[in-house]
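As the structure is a prediction and not an experimental result, all values here were calculated from the model. For the single chain, residues carry numbers from 1 onward in sequence order. Any value given below was found using the heavy atoms of this structure, including those in side chains, with hydrogens, waters and symmetry copies removed.
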Amino acid sequence: MPAINKIHITGFKAFPNDFELELGGKNLLMYGENGSGKSSIYYALHCLFQAPLKPDAGKKYFDEENKQHLKNLNNLSVDSKIWIDFEGRHPFIYKLDKNGYSSTLIDGTHPLPANINGCFINHQFLFHFFNFRNSQSVNLFPVFIKDILPFCKDEQSGFHIGQMYDQITSSIIKRGRHIDSRYLDNIEYFNTVVKQVVENINIYASDIFKRFFKNEGDPELQIRLRYDSNLDKPENDSNEYWLKYDNIIERVKENDHIIERKSSYKKLNSPFIGLEISEIIDGEPRRIPKPQSHFNEAKLTAIALSIRFSLLNLDSPADGRFLALDDMLISLDMSNRMKVIDFLLDFVADKYKIYLFTHDKMFYYTIKKRIAINKKKDDWVMGGLYMHDVDENDEYKPCMPFPIFIKDKDMPLEMMEYYAKHDYPACGQKLRKWCEELLENLYPDSLKKRIDPTTGNTIATSLNDRINSLELYCEKESIDFSKYKDLKIYKDNILNAVSHYDIESPIYKIEILKIMRVLGALNDILENRKDIKVNHEMGIELIKPDGTPITICIDIKRDKLSVLNFMGNNRISYYVKCYIKKIIVAGTPITLPEIRVFDSIYTAHEEFCREYAITHMDNLLDIIYDHGVVLRDKL
């Protein structure tokens, strides 16, 4: 499913200069404190995908003379723009700047925006859903026309429904002194397609609430929207649901009484989408007249999300579909939040891309853990957005604040925050702890333990020992050590409890950043390492120079084998101990006089290659077989 590859923002809202977020077609989970710029990314997507439907194609967002402009106030002179491109078979760039919306063909013939069904939900959307006094009836039309109908496309006409409404309300079509029949036809067609949207919601909303958001023990809810013509609505219902162009009703005083009558003046009315909620008690529906007063915020949020999610096409999603969700659950407790997240991760993420923004660190970590449990980490870009106010390219001098995004596989969130706040001693302590955790998880036991020469006991190696062993580790695993040498160079300055440098000096900040990048690169090795399931007894298949086949029967005493991926190349880890008690020569098994033990299957392979004058191979994935299956095919 083609999805967003990169989002590029310049001079828009929180971004004074160039900012690029690379998604590579993946989902996004982003943490950021209020004011960090995360909502600016949300609104950048919102503006870009609404711009093609606007009369001015979105030019107003970048016109500083327009009161609605969204240019960064600290850098009004920059050439502001938003652009994205898609991976897959949709090689277009979609751009929004002072000239409005445009698309540029790179290669191919499949433009996307007209077909994209984006879904934007933030806390404001949910707030407006039920922001009504107890004396008011709930009218959802303003919410629909702002946040739902602009993203609902009518396939027959090719227009988005919000676009239809904009055209109808922008000008009245007349023929002479009379209203053109085409204008009235447009109104009637608009009502028909809105009615269809409402009916689709009525089909699915109650079921979504029951399956995903209902608390155990609570009554079922029947969720129904109304968008009725005057002919369909009940007689005692005074609301005018459908859009129409007609005489306005005016209130006048006549014989000391206030009466209503039709005025000679005509205009468009304000449409009404009503909400009816009933609780099912003993199998019978009990109408809730004022849901905004009857239900708590958690249930109101669940009702609103059930209505919005009922319009997702989970059966046949189109290319480029996504959900952008910005702090939409801030008022809910964790149990109710997780109902929503479970629905998104289990039922939506395979059909729609999800771009989820939150300022709640605990919520971020909870979602991250849930993604890991689902074994879907490779499908997500995760990290934090922070305001940065020093120039790394100019001796770390103070500069205009700008957001930076750091993937959390490159640096844990807590460390990012200390760095962004310039609390370098605390950051150095966290770096030390992260370094210890990385080397503990990365190294084999042989590099984590040593013999104490004074006692003869096996003891854990120190952090200094482990850092000094990194070059050896990289050599054995065929990893370019040059990317990690700074860990050794700067360990005394940064990873020791007390630094030798003034923490305000540029050199200290530079070293902090360098050590972060080194540890991030080490974390890449750990993140890209895979454990493949194998039978502990396998065979290294060799061919002697005379053509005789030989199988070296190895036993690794475990059912998993570690495979590293460095620069896109997979390779069995060097640190796999093996035992050999027989070989097979031309189909004949030969038991060795004694079991031969090797600290690495690579040394075993090299030794037998020397014995039989065979040229040894660097990558054993192609010559080790697990019950007839070559290991490379098990990746």
**Student:** Do Asp379 and Asn27 have a side chain donor and acceptor closer than 3.5 Å?
**Tutor:** no

**Student:** Under the rule for ring-ring contact (aromatic ring centres under 6.0 Å, His included), what residues qualify as partners of Phe141, not counting sequence neighbours?
**Tutor:** Tyr165

**Student:** In terms of side-chain geometry, is the basic nitrogen of Lys38 or Asp327 positioned less than 4.0 Å from the acidic oxygen of its partner?
**Tutor:** yes

**Student:** Are Tyr61 and His46 close enough that their ring centers fall under 6.0 Å?
**Tutor:** no

**Student:** For residues Gly37 and Ala14, report the shortest heavy-atom separation together with the two atoms involved.
**Tutor:** CA-CB, 3.7 Å

**Student:** Can a donor-acceptor pair be found between the side chains of Asn191 and Tyr227 at a distance below 3.5 Å?
**Tutor:** yes

**Student:** For the CG atom of Asn75 and the OG1 atom of Thr10, what is their distance to the nearest 0.5 Å?
**Tutor:** 9.5 Å

**Student:** Going by an N to O cut-off under 4.0 Å, is there a salt bridge joining Lys54 and Asp56?
**Tutor:** no

**Student:** Just verifying a value: how many Å separate Asp360 CG and Ile330 CD1, rounded to the nearest 0.5 Å?
**Tutor:** 10.0 Å

**Student:** Can you name the residues that form a side-chain hydrogen bond (donor to acceptor under 3.5 Å, both in side chains) with Lys81, not counting sequence neighbours?
**Tutor:** none

**Student:** For Asn186 and Ile168, work out which heavy atoms get closest and say how close.
**Tutor:** O-CD1, 3.7 Å

**Student:** Could you go step by step and tell me if Phe125 and Asp147 meet the side chain to side chain contact (heavy atoms under 4.5 Å, CB included) rule?
**Tutor:** CA-CA 7 Å; Phe125 170 86; Asp147 292 306; 3.5 Å; yes

**Student:** Rounded to the nearest 0.5 Å, how far apart are CD1 of Ile371 and CD1 of Ile354?
**Tutor:** 8.5 Å

**Student:** Take atom NZ of Lys361 as the centre, draw a 6.0 Å sphere, and report whether it contains more than 12 heavy atoms from other residues, nucleotides or ligands.
**Tutor:** yes

**Student:** Show me the pairs that pass salt bridge (charged side-chain N to carboxylate O under 4.0 Å, His left out) and involve residues 60-71, at least two apart or across chains.
**Tutor:** none

**Student:** Could you please spell out the steps behind the side chain to side chain contact (heavy atoms under 4.5 Å, CB included) verdict for Leu29 and Phe357?
**Tutor:** CA-CA 6 Å; Leu29 173 61; Phe357 308 87; over 6 Å; no

**Student:** Between Lys95 and Asp97, does any side-chain N to carboxylate O distance fall below 4.0 Å?
**Tutor:** yes

**Student:** Main chain of Leu329, side chain of Arg337: is a donor-acceptor contact present, judged purely on distance under 3.5 Å?
**Tutor:** yes

**Student:** Taking NZ in Lys214 as the centre, count heavy atoms belonging to other residues, nucleotides or ligands within less than 6.0 Å. Is the count above 12?
**Tutor:** yes

**Student:** Less than 6.0 Å separating the ring centroids of Phe120 and Phe322?
**Tutor:** yes

**Student:** Looking at Tyr43, does the NZ or CZ of Lys13 lie under 6.0 angstrom from its six-membered ring centre and within 45 degrees of the ring axis?
**Tutor:** yes

**Student:** I'd like to check the ring-ring contact (aromatic ring centres under 6.0 Å, His included) partners of Phe295; sequence neighbours left out, ordered by chain and number.
**Tutor:** none

**Student:** Hey, does the side chain of Lys6 reach the backbone of Gly24 with a donor-acceptor pair shorter than 3.5 angstrom?
**Tutor:** no

**Student:** Are there over 12 heavy-atom neighbours, none belonging to Lys290, within less than 6.0 Å of that residue's NZ?
**Tutor:** yes

**Student:** Apply the test side chain to side chain contact (heavy atoms under 4.5 Å, CB included) to residues Leu45 and Ile82: give CA-CA distance (whole Å), side-chain angles for both, the deciding distance (0.1 Å), then the verdict.
**Tutor:** CA-CA 8 Å; Leu45 290 172; Ile82 303 164; over 6 Å; no

**Student:** Please give me the minimum heavy-atom distance between Ser306 and Ala302, naming the atom from each residue.
**Tutor:** OG-O, 2.7 Å

**Student:** What closest approach, in Å, do Phe363 and Met338 show between heavy atoms, and which atom pair accounts for it?
**Tutor:** CE1-SD, 4.4 Å

**Student:** Show the numbers, then the answer: is there a salt bridge (Lys or Arg N to Asp or Glu O under 4.0 Å) between Asp228 and Lys195?
**Tutor:** CA-CA 8 Å; Asp228 298 327; Lys195 179 71 171 178; 3.0 Å; yes

**Student:** For the residue pair Asn336 and Asp333, confirm or rule out a side-chain donor-acceptor distance under 3.5 Å.
**Tutor:** yes

**Student:** Start with the C-alpha distance between Arg226 and Asn202, add both sets of side-chain angles, then the distance that settles side chain to side chain contact (heavy atoms under 4.5 Å, CB included), and finish with yes or no.
**Tutor:** CA-CA 9 Å; Arg226 300 192 68 113; Asn202 290 340; over 6 Å; no

**Student:** When you compare the side chain of Leu356 with that of Ile341, does any pair of heavy atoms fall below 4.5 Å?
**Tutor:** yes

**Student:** Assess whether atom OH of Tyr189 is packed by more than 12 heavy atoms of other residues, nucleotides or ligands within 6.0 Å.
**Tutor:** yes

**Student:** Taking the six-membered ring for Trp, are Phe212 and Phe347 closer than 6.0 Å centroid to centroid?
**Tutor:** yes

**Student:** Tell me every residue that passes side-chain hydrogen bond (donor to acceptor under 3.5 Å, both in side chains) with Glu527, counting only those two or more places apart in sequence or in another chain.
**Tutor:** none

**Student:** Can you label the angle between the Phe12 ring and the Phe62 ring as parallel, tilted or perpendicular, going by 30° and 60°?
**Tutor:** tilted

**Student:** Just by distance, with hydrogens left out, do Glu20 and His8 show a side-chain donor and acceptor under 3.5 Å apart?
**Tutor:** yes

**Student:** Does the separation of the ring centres of Phe343 and Phe309 fall below 6.0 angstrom?
**Tutor:** yes

**Student:** If you take all heavy atoms of Cys47 and Leu70, which pair is closest and at what distance?
**Tutor:** SG-CD1, 3.7 Å

**Student:** Which atom pair, heavy atoms only, marks the closest approach of Gly11 to Ser80?
**Tutor:** O-OG, 2.9 Å

**Student:** Examine Arg308 relative to Phe144 and say whether NZ or CZ is less than 6.0 Å from the centre of the six-membered ring and inside a 45° cone about the ring axis.
**Tutor:** no

**Student:** I want to check something: taking the side chain as every heavy atom from C-beta on, are Leu268 and Ile187 in contact at a cut-off of under 4.5 Å?
**Tutor:** yes

**Student:** Rounded to the nearest 0.5 Å, how far does CG of Asn122 lie from OH of Tyr42?
**Tutor:** 4.0 Å

**Student:** Do Asp408 and Tyr31 pass the side chain to side chain donor-acceptor pair (under 3.5 Å) test, and can you show the C-alpha distance, the side-chain angles, and the key distance before you say yes or no?
**Tutor:** CA-CA 10 Å; Asp408 74 355; Tyr31 164 79; over 6 Å; no

**Student:** I need the Lys351 NZ to Leu344 CG distance, nearest 0.5 Å.
**Tutor:** 12.5 Å

**Student:** Just verifying a value: how many Å separate Ile307 CD1 and Ile223 CD1, rounded to the nearest 0.5 Å?
**Tutor:** 6.0 Å

**Student:** List for me each residue that meets side-chain hydrogen bond (donor to acceptor under 3.5 Å, both in side chains) alongside Asp342, sequence neighbours excluded, and say none if there are none.
**Tutor:** Arg370

